[in-house]
Structures are given as structure tokens and as C-alpha cells.
Amino acid sequence: MDATQMALIHIVSWSVGLILFFVAYTMIKQGKAEKPIKITQMVLRVFYLLIIATGADLFFNHYGMNVEDTQFSEYIIKMVAGIWVIAAIEMTLAKAKKGKKEFSGWLQLVVALILVLVLGFARLPFGFLP
Ligand code: HEM
């Protein structure tokens, strides 16, 4: 599979992940039953694996993990921020479930998401923006 196809699967994976996050969050807020929320979260976690696998493939197989590259550090930050998005999603959902303050979760999610979108789309070569 070439880089463009892999990038597309990466984009579809995190897009579906974000949608599932909002679905799970809304269900928690609406006080829906435990089971459908759990199932949504299980599906969401499978998408984490897809996000990480396609991200790792882009890095190792298409970028080639080139330490000499001037953008190497941006790749590292992009990947750490990607994991951070996933962590922030988990935190926000856990806090919402327990009825705790969600602000720190949302703040991390927004910051990590902005980082990842700017690096992914605007800075790193496989993005669509110039
Ligand atoms: C929800 C979390 C994530 C979001 C929103 C996200 C977003 C993006 C975006 C917008 C791009 C640029 C378009 C593309 O080429 O697909 C991208 C590319 C990429 N992502 Fe992610 N990503 C996430 C998680 C991850 C993770 C966990 C990793 C590492 C394991 C990762 C590694 C990469 C790599 C290596 C690229 C290619 C960069 C390039 O050469 O242009 N991403 N991601």
C-alpha cells in the first residue's frame, strides 16, 4: 500500500475515533445504560489500534525513520501528540462517567488535537495543505 492510501486510512481511523468519542460522551451525558456505552467504548478502543498502526506504518515504512531529516523532531512530536489525543479522550470519558470535573480532559484534548492537526496537515509532507 502506498503512503497516500495509508494516510487516507489514518485519517478515516481518527475521524471515526473522534465521532465515536462524541457518541460515547453524549450517551454518558444523557445517562444512557451502561452496556451501550461500554460497547461504544470497546469499538472506540479498536479504532485506537487502527490509528496507532496506520501512524506507525506511515512513520516506519513511508517516512523511513530518518534521524537526519530536519523534520525528525516534528515527527516525534506528532506521534507523541497523537497518543496524547487518545489519552485525553480516555481521561475525558472516565471523568464524565464518574461525574468529575472534565475541564482538564477537554483542555488536553483541544491542545493535543490542535498540535496533531497542524503538524499532520500543515507541516509534515503527507498532509494535503502546502
Ligand atoms: C487521534 C489521534 C491522531 C490524529 C487526529 C492524527 C492526525 C493526523 C493528520 C491530520 C495527519 C496528516 C494527514 C495524513 O497524512 O494522514 C497525520 C499523519 C501522520 N500521523 Fe497521525 N494522528 C493521530 C494519531 C497518530 C499516532 C498515534 C501516530 C503514531 C503512532 C501517528 C503518526 C502519524 C504519521 C507518522 C503521519 C505521517 C506524517 C507525514 O509524513 O506527513 N498519528 N496524522
Side-chain angles (χ1 to χ4, degrees):
M1 214 179 287
D2 66 31
T4 317
Q5 291 169 312
M6 196 48 75
L8 191 61
I9 302 175
H10 189 64
I11 294 171
V12 170
S13 302
W14 60 253
S15 301
V16 174
L18 285 179
I19 293 166
L20 286 173
F21 161 67
F22 285 114
V23 170
Y25 182 79
T26 309
M27 288 200 295
I28 292 168
K29 285 290 148 179
Q30 289 176 341
K32 288 269 190 309
E34 181 72 30
K35 205 162 185 188
I37 297 173
K38 261 262 130 69
I39 292 170
T40 310
Q41 276 193 289
M42 275 167 57
V43 180
L44 173 58
R45 286 174 182 145
V46 174
F47 274 87
Y48 295 159
L49 298 180
L50 277 174
I51 295 165
I52 294 168
T54 50
D57 184 81
L58 284 169
F59 184 67
F60 290 110
N61 295 333
H62 298 294
Y63 170 66
M65 207 185 74
N66 181 8
V67 192
E68 313 272 288
D69 192 312
T70 48
Q71 283 193 308
F72 185 72
S73 53
E74 285 180 63
Y75 270 95
I76 301 298
I77 297 168
K78 163 72 186 66
M79 292 193 289
V80 172
I83 302 286
W84 190 18
V85 171
I86 293 172
I89 286 176
E90 284 294 301
M91 270 183 243
T92 308
L93 290 180
K95 283 173 196 291
K97 266 188 168 175
K98 290 181 192 150
K100 285 193 185 167
K101 281 210 181 75
E102 297 158 19
F103 181 74
S104 60
W106 281 107
L107 182 67
Q108 290 185 59
L109 183 54
V110 170
V111 172
L113 205 55
I114 290 173
L115 250 178
V116 118
L117 292 177
V118 168
L119 286 173
F121 279 138
R123 291 284 309 166
L124 295 171
F126 295 156
F128 299 121
L129 301 176

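Just so you know, ligand 1 is whichever comes first in the structure, and atom 1 is the first atom listed for that ligand. From a predicted model like this one, the values you see are computed outputs, not experimental measurements.
The ligand atoms of ligand 1 that sit less than 4.0 angstrom from a heavy atom of I52 are 27 (C), 30 (C). Distances below 4.0 Å separate heavy atoms of A7 from the following atoms of ligand 1: 14 (C), 15 (O), 16 (O). Within ligand 1, the atoms closer than 4.0 Å to a non-hydrogen atom of H10 are 6 (C), 8 (C), 16 (O), 17 (C), 18 (C), 19 (C), 20 (N), 21 (Fe), 22 (N), 23 (C), 24 (C), 25 (C), 31 (C), 33 (C), 42 (N), 43 (N), numbered from 1 in the order shown. Remark: ligand 1 atoms within the under-4.0 Å shell around heavy atoms of V116 are 4 (C), 5 (C), 6 (C), 7 (C).
Any N or O atom pair closer than 3.5 Å counts here, and F59 shares no such pair with ligand 1.
Counting only non-hydrogen atoms, the option in M6, K78, M79 that gets closest to atom 42 (N) of ligand 1 is K78.
Using a non-hydrogen distance threshold of 4.0 Å, I86 does not register as a contact of ligand 1. Using a 4.0 Å cutoff on heavy atoms, A56 counts as a contact of ligand 1. Residue contact annotation: F121 has a non-hydrogen atom under 4.0 Å from ligand 1.
Donor-acceptor pairing under 3.5 Å is recorded for the side chains of E90 and Y48.
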List the atom pairs, donor and acceptor, that lie under 3.5 Å between side-chain atoms in residues 14-26 and the rest of the protein, sequence neighbours left out.
from, atom 1, to, atom 2, distance (Å)
S15, OG, I11, O, 2.7
Y25, OH, E102, OE1, 2.5
T26, OG1, F22, O, 2.6

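We find the CD-CD1 distance between Q71 and I77 to be 11.0 Å, quoted to the nearest 0.5 Å. Taken to the nearest 0.5 Å, the OG1 atom of T54 stands 10.0 Å off from the NE2 atom of H62.
Residue L124 touches ligand 1 through backbone and side chain together, judged by heavy-atom distances below 4.0 Å. Using a 4.0 Å cut-off between heavy atoms, Y75 contacts ligand 1 through its side chain alone, with no backbone atom that close. By the criterion of a heavy-atom distance under 4.0 Å, neither the backbone nor the side chain of H62 is placed next to ligand 1.
Partner of T40 under the side-chain contact (heavy atoms from CB on, under 4.5 Å) criterion, chosen from K35, R45, M27, K32: M27.
At a cut-off of 2.8 Å, G55 does not coordinate atom 21 (Fe) of ligand 1 through any N, O or S atom.
T92 approaches G105 most closely through the heavy-atom pair OG1-C, 3.2 Å.
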*asked:* If you apply the rule side chain to side chain contact (heavy atoms under 4.5 Å, CB included), what do you find for F47 with V12, and how did you get there?
replied: CA-CA 10 Å; F47 274 87; V12 170; 5.9 Å; no
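Within a 6.0 Å radius of NZ in K97, more than 12 heavy atoms belonging to other residues, nucleotides or ligands are found.
In this structure, the side chains of I52 and I86 come closer than 4.5 Å at one or more pairs of heavy atoms.
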